[in-house]
Q: 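Before we start, here is the structure in question, set down as structure tokens.
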Amino acid sequence: MMKPLHLFYCVSLLGLTTISGLLSLLYHCAPVLYNLCTGILLGSVGYCAVQYLMPKGWVRGEGKAVFITGCDSGFGFRLAKRLDSLGFTVFAGCLLADSGGEGSTKLRAECSSRLSTVQIDVTDDGQVQAAVLQVKDRLPAGSKGLYALVNNAGVWQPGEIEWASIAAYRRVMEVNTFGTVRVTKAFLPLIRREKGRVVNITSEAGLHASPGVSPYSMTKATLEFFSDALRHEMHKWGVKVVLVEPASFGPSTGITVPAVFNKLASDLWSNMEEVVKEDYGKEYFDYHIERLRACTQGERKDNTPVIDAMADAVTLTDPSHRYLVGASFEDYVNKIWLGHFSTLWTDSTERPNREDEPKPTMLQK
């Protein structure tokens with residue numbers, strides 16, 4: 001079967017050939033229309049080139065406040081330190097701020113007095129409202145509100161659809177999706193008054209549905225639509241909404257480290273319905289869990305490109321709507337292919353060493 005990237009190149013070449021042929025036909029048969037089409041094409045290319053090459057402007061951090069969720073580790077921890085070094089007043093939201101968590105303790109020790117840690121569980125209405133009050137009381141002098149909110153807190157959930165319980169779906173949805181919505185709604189009045197911005201951290205997994213991680217992909221896809229709607233609704237207030245979509249940075253976030261992964265895998269099997277256990281079998285389950293472990297534990301360790309994109313989303317005067325970080329061109333094409341073509345064509349269920357792979361027990365009966 002032809003690889004998606006190779007087929008993409010073939011389709012692109014066919015498309016370019018067709019466009020060239022049509023332009024050639026117009027040149028001989030309808031010169032005016034040819035000139036019009038050529039002008040539009042060249043103008044579009046020129047506009048994109050100018051936008052890409054135009055010098056970027058940054059805002060100064062002095063007197064501007066930023067609230068970041070999920071600062072106990074990973075992206076949030078490093079972004080809090082980066083923005084503190086740029087002069088921003090940083091409110092680092094931590095799940096374990098009041099219980100002596102390692103991340104919050106390090107932030108207080110290693111950053112300036114402009115940074116303060118805030119206790120917040122994004123699934124708890126009371127803690128979210130308490131965080132808003134704490135931010136209001138500590139805003140920089142002369143500030144009308146909050147300059148930026150970075151919704152970074154999140155959890156991960158593996159498992160095929162039949163394996164994951166409804167409780168597992170609800171857990172990851174409550175944190176990743178409803179947590180972001182809850183925090184955003186609570187802080188929006190402060191953000192509107194400052195004409196600030198909302199930065200939502202989603203994932204490459206929200207752009208396509210890979211087999212075996214549907215609970216996580218669902219939450220991130222929902223955030224994509226939520227963020228787009230929010231961006232349009234907030235435009236009249238002068239508020240920007242930016243998406244950062246990391247790809248394959250699991251270990252550096254802490255959500256797929258071995259201890260977390262093992263616990264999730266154990267809970268997945270323990271909470272599975274007996275009929276599903278019987279039909280799939282433990283051997284088949286273990287095989288796929290190990291394949292998933294190999295993918296997540298082998299991902300990139302250095303999350304600097306993600307932190308750079310998050311910092312740009314906060315500090316650029318005119319940030320992009322989206323920052324897709326860490327996905328190669330081939331990865332991106334493969335995911336587009338996976339989501340929009342027939343399952344038989346995408347080969348999404350093909351695996352190496354197919355003849356040696358354990359099969360679900362029901363299919364062997």
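For the single chain, residues carry numbers from 1 onward in sequence order.
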Q: Short question: side chain of T69, backbone of G93 - any donor-acceptor pair under 3.5 Å?
A: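 Flag not set: sc T69 to bb G93 has no pair under 3.5 Å.
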Q: Which heavy-atom pair separates E162 from Y280 by the least distance, and what is that distance?
A: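 Smallest heavy-atom distance, with atoms named: OE1-OH, 2.6 Å.
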Q: I'd like to know whether CD1 of I161 has more than 12 heavy-atom contacts from other residues, nucleotides or ligands below 6.0 angstrom.
A: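 Atom CD1 in I161 is not crowded, with 12 or fewer foreign heavy atoms closer than 6.0 Å.
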Q: Indicate the atoms forming the closest heavy-atom contact of C71 with L107, along with that distance.
A: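 That would be O-CD1, 3.7 Å.
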Q: Decide side chain to side chain donor-acceptor pair (under 3.5 Å) for R78 and T304; before the verdict, give the C-alpha distance in whole Å, the side-chain angles of both, and the deciding distance to 0.1 Å.
A: CA-CA 9 Å; R78 288 196 60 189; T304 300; 3.3 Å; yes
Q: To the nearest 0.5 Å, what is the distance between OG1 (T117) and CG (L96)?
A: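 Separation between the atoms: 11.0 Å.
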Q: Which heavy atom in I289 sits nearest to a heavy atom in F261, and how many Å separate them?
A: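 In terms of heavy atoms, the two residues are closest at O-CZ, 3.5 Å.
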Q: Quick one: pull up CD in E274 and CE in M272 and give me the separation to the nearest 0.5 Å.
A: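 These two atoms lie 10.0 Å from each other.
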Q: Per the salt bridge (Lys or Arg N to Asp or Glu O under 4.0 Å) rule, what does the pair list look like for residues 166-186, sequence neighbours excluded?
A: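 Non-adjacent pairs meeting salt bridge (Lys or Arg N to Asp or Glu O under 4.0 Å): D125-R182, E174-R182.
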Q: Has S217 got a side-chain atom pairing as donor or acceptor with A205's backbone, closer than 3.5 angstrom?
A: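 It does hold such a pair.
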Q: Just checking, any donor-acceptor pair under 3.5 angstrom between side chains of N200 and S227?
A: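 The answer is yes; a qualifying pair exists.
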Q: Check whether any side-chain heavy atom of P215 lies under 4.5 Å from a side-chain heavy atom of M218, and answer yes or no.
A: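 Heavy-atom side-chain distance check fails, nothing below 4.5 Å.
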Q: Give a yes or no on whether L95 and L264 share a hydrophobic cluster (residues Ile, Leu, Val, Met, Phe, Trp, Tyr; joining criterion: side-chain heavy atoms under 4.5 Å apart).
A: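 In one cluster with L95: L264, no.
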Q: Applying side-chain hydrogen bond (donor to acceptor under 3.5 Å, both in side chains), can you list everything that pairs with D124, at least two apart in sequence or on another chain?
A: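 Testing D124 for side-chain hydrogen bond (donor to acceptor under 3.5 Å, both in side chains), a comparison that skips the adjacent residues, returns none.
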Q: Quick check: closest heavy atoms across L139 and G145, and the distance to 0.1 Å?
A: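 Residues L139 and G145, closest heavy atoms: CD2-O, 3.5 Å.
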Q: Hey, are the side chains of R82 and D308 touching, using non-hydrogen atoms and a 4.5 Å cut-off?
A: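 They are in contact (side-chain heavy atoms under 4.5 Å apart), so the answer is yes.
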Q: L79 versus N152: any side-chain heavy-atom pair under 4.5 Å?
A: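 When only atoms from C-beta onward are counted, N152 and L79 do not touch, as no gap falls below 4.5 Å.
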Q: Between A97 and Q119, which heavy-atom pair has the shortest distance, and what is it?
A: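 For A97 versus Q119, the nearest heavy atoms are N-OE1, 3.1 Å.
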Q: Under 4.0 Å between a Lys/Arg side-chain N and an Asp/Glu carboxylate O for D228 and R231?
A: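 A salt bridge links D228 with R231.
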Q: So does E62 have more than 12 non-hydrogen atoms from other groups sitting under 6.0 Å from CD?
A: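 Yes, enclosed.
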Q: Under the side chain to side chain contact (heavy atoms under 4.5 Å, CB included) criterion, do T89 and Y147 qualify, and how do the steps go?
A: CA-CA 10 Å; T89 298; Y147 172 73; over 6 Å; no
Q: Side chains of P211 and E160: closer than 4.5 Å at any heavy-atom pair?
A: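 Side chain of P211 against side chain of E160, heavy atoms only: no contact under 4.5 Å found.
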Q: Answer whether the closest heavy-atom distance between the side chains of P158 and W163 falls below 4.5 Å.
A: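 With C-beta onward as the side chain, the pair stays apart.
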Q: With sequence neighbours left out, what residues match D72 under side-chain hydrogen bond (donor to acceptor under 3.5 Å, both in side chains)?
A: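 By the side-chain hydrogen bond (donor to acceptor under 3.5 Å, both in side chains) rule, D72 matches no residue at all.
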Q: Should L115 and F91 count as side-chain neighbours, where that means a heavy-atom distance under 4.5 Å?
A: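 A side-chain contact under 4.5 Å is absent here.
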Q: As an exercise, state the distance from CD1 of I191 to NZ of K195, rounded to the nearest 0.5 Å.
A: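 Rounded to the nearest 0.5 Å, the CD1-NZ separation comes to 13.5 Å.
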Q: Of all residues at least two apart in sequence or in a different chain, which pass the side chain to side chain contact (heavy atoms under 4.5 Å, CB included) check with A130?
A: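 So A130 forms no side chain to side chain contact (heavy atoms under 4.5 Å, CB included) with any residue.
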Q: Check whether any side-chain heavy atom of N151 sits under 4.5 Å from a side-chain heavy atom of V199, and report yes or no.
A: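 They are not in side-chain contact.
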Q: Go through the steps for T317 and W58 under the test side chain to side chain contact (heavy atoms under 4.5 Å, CB included), then give the verdict.
A: CA-CA 5 Å; T317 54; W58 280 267; 5.8 Å; no
Q: Do D84 side-chain atoms and A80 backbone N/O form a donor-acceptor pair below 3.5 Å?
A: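 A pair under 3.5 Å: no.
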Q: So how far is it from L324 CG to L207 CG, rounded to the nearest 0.5 Å?
A: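 Between L324 CG and L207 CG, I get 6.5 Å after rounding to 0.5 Å.
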Q: Could you tell me whether a side-chain N or O of S266 sits under 3.5 Å from a main-chain N or O of K263, the two making a donor and an acceptor?
A: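 Pair absent, no side-chain N/O of S266 close to backbone of K263.
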Q: A quick test of your reading: do over 12 heavy atoms of other residues, nucleotides or ligands sit less than 6.0 Å from OH of Y169?
A: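 Yes, OH of Y169 has more than 12 neighbouring heavy atoms, counting only those of other groups under 6.0 Å.
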Q: Show, in sequence, the C-alpha distance, side-chain angles and deciding distance for V213 and L292, and conclude whether the side chain to side chain contact (heavy atoms under 4.5 Å, CB included) test is met.
A: CA-CA 9 Å; V213 288; L292 194 57; 4.2 Å; yes
Q: Under the side chain to side chain contact (heavy atoms under 4.5 Å, CB included) criterion, do L86 and L83 qualify, and how do the steps go?
A: CA-CA 5 Å; L86 295 176; L83 295 182; 4.3 Å; yes
Q: Show the nearest heavy-atom pair for residues A153 and V122, with the distance to one decimal.
A: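 Looking at all heavy atoms of both residues, the closest pair is CB-CG1, 4.2 Å.
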Q: Would the distance check show the side chain of E194 and the main-chain N or O of L146 forming a donor-acceptor pair, the cut-off being under 3.5 Å?
A: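 Checked: no pair found.
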Q: Could you tell me if the side chain of F285 sits less than 4.5 Å from the side chain of L268, heavy atoms only?
A: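 Touching, per the 4.5 Å side-chain cut-off.
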Q: For residues F67 and V181: do they belong to one hydrophobic cluster (side chain heavy atoms under 4.5 Å, members Ile, Leu, Val, Met, Phe, Trp, Tyr)?
A: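 Cluster IDs for F67 and V181 match.
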Q: Under the side-chain hydrogen bond (donor to acceptor under 3.5 Å, both in side chains) rule, collect the residues that match up with D286, sequence neighbours excluded.
A: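 Scan of D286 (side-chain hydrogen bond (donor to acceptor under 3.5 Å, both in side chains), adjacent residues dropped) gives K282.
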Q: Can you give each donor-acceptor pair under 3.5 Å made by side-chain atoms of residues 232-245, sequence neighbours left out, with the distance rounded to 0.1 Å?
A:
unit_1	atom_1	unit_2	atom_2	d
K236	NZ	E233	O	2.7
E245	OE2	R322	NE	3.3

Q: Rounded to the nearest 0.5 Å, how far does CG of L316 lie from OH of Y323?
A: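 Separation between the atoms: 4.5 Å.
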Q: Without swapping roles, check the side chain of S112 against the backbone of R114 for a donor-acceptor pair under 3.5 Å.
A: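 A pair under 3.5 Å: yes.
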Q: Flag yes if more than 12 heavy atoms outside E273 fall under 6.0 Å of its CD atom; otherwise flag no.
A: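 Not buried by this count: 12 neighbours or fewer within 6.0 Å.
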Q: Can you say whether the rings of W156 and Y216 are parallel (under 30°), tilted (30 to 60°) or perpendicular (over 60°)?
A: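 Ring orientation, 0 to 90° scale: perpendicular.
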